[in-house]
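All residue numbers in this chain count up from 1 along the given sequence. Every heavy atom of this structure was used, including side-chain atoms; hydrogens, water molecules and symmetry mates were not.
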Amino acid sequence: MSAEVRYEYRRKNVLLREKMTPRRHVFAGIRRTILAAGILALLVLALLNQDGGSTTHQAVLLEEDTNLTPEERMLEQVTAAETELRLNMRRKFLAEKCAEERLDRPGNDSLHRPNAWEFLVNKEYHLIWCNVFKAASTSWMYNFNLLAGYSPQFLKASKAVPVSLARQKYPRHTAEELAKFLNDSISFLIVRHPFERLLSAYRDKLEHSLPHTFHSNLGAQIVWHYRSRDPKTNGRHGPRYPLFEEFVRWLLCQWKAGNDLDMHWTPVVTFCTPCQVRFDVIAKFETLHEDQDFLIKQAHVGHIIKPEWKNPTRGVQTKDVIKKYFAQLSKTQIKDLYEMFRYDFVLFDYSPEEYIALGRDELTTLTCKK
């Protein structure tokens, strides 16, 4: 809360107190009592739902802002307790689904062994993050670069790719090393609806790709193989980038062939192996502000980073935008995409039904090009 907003909040409270009758004083006291009881109840629920594997502290131990009024602090504690309860439920849900899908068992394939390669481990602040691309990754790569010691001025002026800068400070670790660091750290990842994440990746990396870049060249290859020729001109008409339907056909072929996938549309289950690595905080796009705020306070890094969200307008997909792209697909194609991302849907409690309903009813057959 900014100083101006806080000042206005207090000014209004002072004016209200001056006008309050004895009866209103009584009602105000009752309201504060109800709020306090709500906090206590939420904290009890959070404690009851706390699983033994979590290293996060209770909401009551959150850093306090001494500038807050008692009412503001009370509301923050309520929000923190609600957030902690929600995060506890997500951890339990994930553990249950991992067991049901038998993904929590050790094995030699990519789903049954920890993929420590993608984790960033900050030893100084005991914070561990698995970077899921197109899930607030821009914001948190910036945050981890701040935690590594880069100044905001340097990061703003630097032409280097943020991931490359981060890897200069955060070397990749083995699974054994990661397991050791997890013992005294808060680990987290951020997830979003798999289809929303996929659409965001397509729009950012292919539809809006800069000429002569890796993804621009990839898009040209997809157009060459998956766009029909005009029988009259023997040419391929349309934009230089692949249409969403062309991209989806190419992607499904890549997945069914067992080829390695670009990190921007690799399923989270293989990228971060959440059934093989303990995560204390599972943040979601739908509750991103509260989840980030809770995490930052738990890690005691609020003096360095803030719960900001960079590029929110490019990340959020409105219903009209979603309809525009998924209406290009058949229901069969959307169901095939669901199978590709099925574990992400199951583990993080998402549904494909809204998207399937947008698809065309015609029956389509996937034909892959070599």
Side-chain angles (χ1 to χ4, degrees), residues 41-59 78-107 110-115 118-119 127-137 140 178-179 182 185-198 266-299 337-356:
L42 286 169
L43 288 175
V44 170
L45 285 171
L47 285 168
L48 290 174
N49 283 278
Q50 183 78 15
D51 59 85
S54 173
T55 62
T56 57
H57 303 292
Q58 299 304 320
V78 169
T79 300
E82 290 174 340
T83 302
E84 183 167 25
L85 178 59
R86 182 172 62 244
L87 295 174
N88 288 341
M89 293 174 66
R90 285 178 189 167
R91 281 199 305 273
K92 285 196 168 186
F93 183 89
L94 175 63
E96 291 170 0
K97 294 303 177 181
C98 286
E100 288 178 12
E101 300 291 337
R102 300 186 177 184
L103 294 173
D104 56 347
R105 304 180 181 186
S110 61
L111 293 176
H112 294 85
R113 63 172 183 268
N115 182 25
E118 301 300 340
F119 287 74
L127 196 59
I128 298 175
W129 171 48
C130 182
N131 171 26
V132 177
F133 287 89
K134 307 312 299 177
S137 55
W140 275 95
L178 177 61
L182 285 167
S185 300
I186 297 176
S187 56
F188 75 100
L189 82 165
I190 303 171
V191 298
R192 68 190 296 187
H193 193 291
F195 286 169
E196 187 178 320
R197 175 178 168 240
L198 178 65
T266 296
V268 176
V269 68
T270 54
F271 203 70
C272 293
T273 53
C275 294
Q276 294 292 319
V277 176
R278 187 204 78 229
F279 283 103
D280 300 308
V281 173
I282 302 166
K284 284 190 172 186
F285 244 48
E286 295 81 1
T287 54
L288 189 56
H289 181 78
E290 294 86 353
D291 296 347
Q292 287 184 140
D293 186 58
F294 182 87
L295 172 64
I296 289 169
K297 289 178 179 177
Q298 291 290 341
L337 277 179
Y338 169 75
E339 289 302 320
M340 176 180 170
F341 289 97
R342 190 179 78 83
Y343 285 135
D344 286 4
F345 277 95
V346 171
L347 299 181
F348 302 114
D349 196 20
Y350 286 110
S351 170
E353 296 306 320
E354 178 184 354
Y355 291 78
I356 293 175

Asks: Less than 4.0 angstrom from a charged side-chain N to a carboxylate O is my criterion; do K284 and D349 meet it?
Replies: no
Asks: Describe, in one word, how the ring planes of F119 and F279 are oriented to each other, choosing from parallel (under 30°), tilted (30 to 60°) and perpendicular (over 60°).
Replies: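 F119 vs F279 ring planes: parallel.
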Asks: For H193, run the ring-ring contact (aromatic ring centres under 6.0 Å, His included) check against F348, F285, F345 and tell me which one passes.
Replies: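 By the ring-ring contact (aromatic ring centres under 6.0 Å, His included) criterion, H193 pairs with just one of F348, F285, F345: F345.
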Asks: Could you tell me if the side chain of V191 sits less than 4.5 Å from the side chain of R90, heavy atoms only?
Replies: no
Asks: Rounded to the nearest 0.5 Å, what's the gap from CZ on F133 to CZ on F271? Could you check?
Replies: 5.0 Å
Asks: With distance as the sole test, does D104 use its side chain to make a donor-acceptor pair with the main-chain N or O of C275 at under 3.5 Å?
Replies: no
Asks: With rounding to the nearest 0.5 Å, note down the distance linking OG1 in T83 to NE2 in H289.
Replies: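 The OG1 atom of T83 sits 9.5 Å away from the NE2 atom of H289.
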Asks: Would you mind reporting whether Y343 and K97 have side-chain heavy atoms less than 4.5 Å apart?
Replies: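 Result no, sub-4.5 Å side-chain heavy-atom pair not found.
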Asks: Might you point out which heavy atoms bring L347 and P274 nearest each other, and give the distance in Å?
Replies: CD1-CG, 4.1 Å
Asks: Quick one: CZ on R342 to CG on L337, what's the gap to the nearest 0.5 Å?
Replies: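 So the gap between those two atoms works out to 15.0 Å.
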Asks: Between D280 and I128, is any pair of side-chain heavy atoms under 4.5 Å apart?
Replies: no
Asks: Taking R197 for its side chain and A135 for its backbone only, find out whether a donor-acceptor pair lies under 3.5 Å.
Replies: no
Asks: Between the side chain of T270 and the main-chain N/O of L111, is any donor-acceptor distance below 3.5 Å?
Replies: no
Asks: Report the distance from atom CD1 of I282 to atom CG of L94, rounding to the nearest 0.5 Å.
Replies: 4.5 Å
Asks: For S137, is there any backbone N or O sitting under 3.5 Å from a side-chain donor or acceptor partner on N131?
Replies: no
Asks: Could R86 and E286 be called an ion pair, given the rule that one side-chain N must be under 4.0 Å from one carboxylate O?
Replies: no
Asks: For a 4.5 angstrom cut-off between non-hydrogen side-chain atoms, does N115 reach S110?
Replies: no
Asks: Look at the aromatic rings of F188 and W129 and report parallel, tilted or perpendicular, splitting at 30° and 60°.
Replies: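 The arrangement is parallel - the two ring planes meet at less than 30°.
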Asks: Output the distance between atom CD1 (I356) and atom OH (Y338), rounded to the nearest 0.5 Å.
Replies: 8.0 Å
Asks: side-chain contact (heavy atoms from CB on, under 4.5 Å) for R91 and N88? Distances and angles first, verdict last.
Replies: CA-CA 5 Å; R91 281 199 305 273; N88 288 341; 2.3 Å; yes
Asks: Got Y350 and F195 here, is their nearest side-chain heavy-atom distance under 4.5 Å?
Replies: no
Asks: In the structure I gave you, are the side-chain heavy atoms of V277 and L189 within less than 4.5 Å of one another anywhere?
Replies: no
Asks: Within the distance-only criterion (no hydrogens, no angle test), does the side chain of D344 pair as donor or acceptor with the backbone N or O of P267 below 3.5 angstrom?
Replies: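 No; zero donor-acceptor contacts below 3.5 Å.
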Asks: Could you check whether any side-chain N or O of S187 sits under 3.5 Å from a backbone N or O of R278, counting only pairs where one atom can act as donor and the other as acceptor?
Replies: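 Checked: pair present.
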Asks: Any side-chain heavy-atom pair from D291 and L295 closer than 4.5 angstrom?
Replies: no
Asks: Measure across F294 and L87 and return the closest heavy-atom pair with its distance rounded to 0.1 Å.
Replies: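 Smallest interatomic distance, heavy atoms only, reads CD2-CD1, 3.6 Å.
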Asks: Between V346 and V269, does the side-chain contact (heavy atoms from CB on, under 4.5 Å) criterion hold? Intermediate values first, please.
Replies: CA-CA 10 Å; V346 171; V269 68; over 6 Å; no
Asks: Who are the side chain to side chain contact (heavy atoms under 4.5 Å, CB included) partners of Q276, not counting sequence neighbours?
Replies: H112, P114, T273
Asks: Say you draw a straight line from CD1 of I296 to CD1 of I186; how long is it, rounded to the nearest 0.5 Å?
Replies: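 I296 CD1 to I186 CD1: 11.5 Å, rounded to 0.5 Å.
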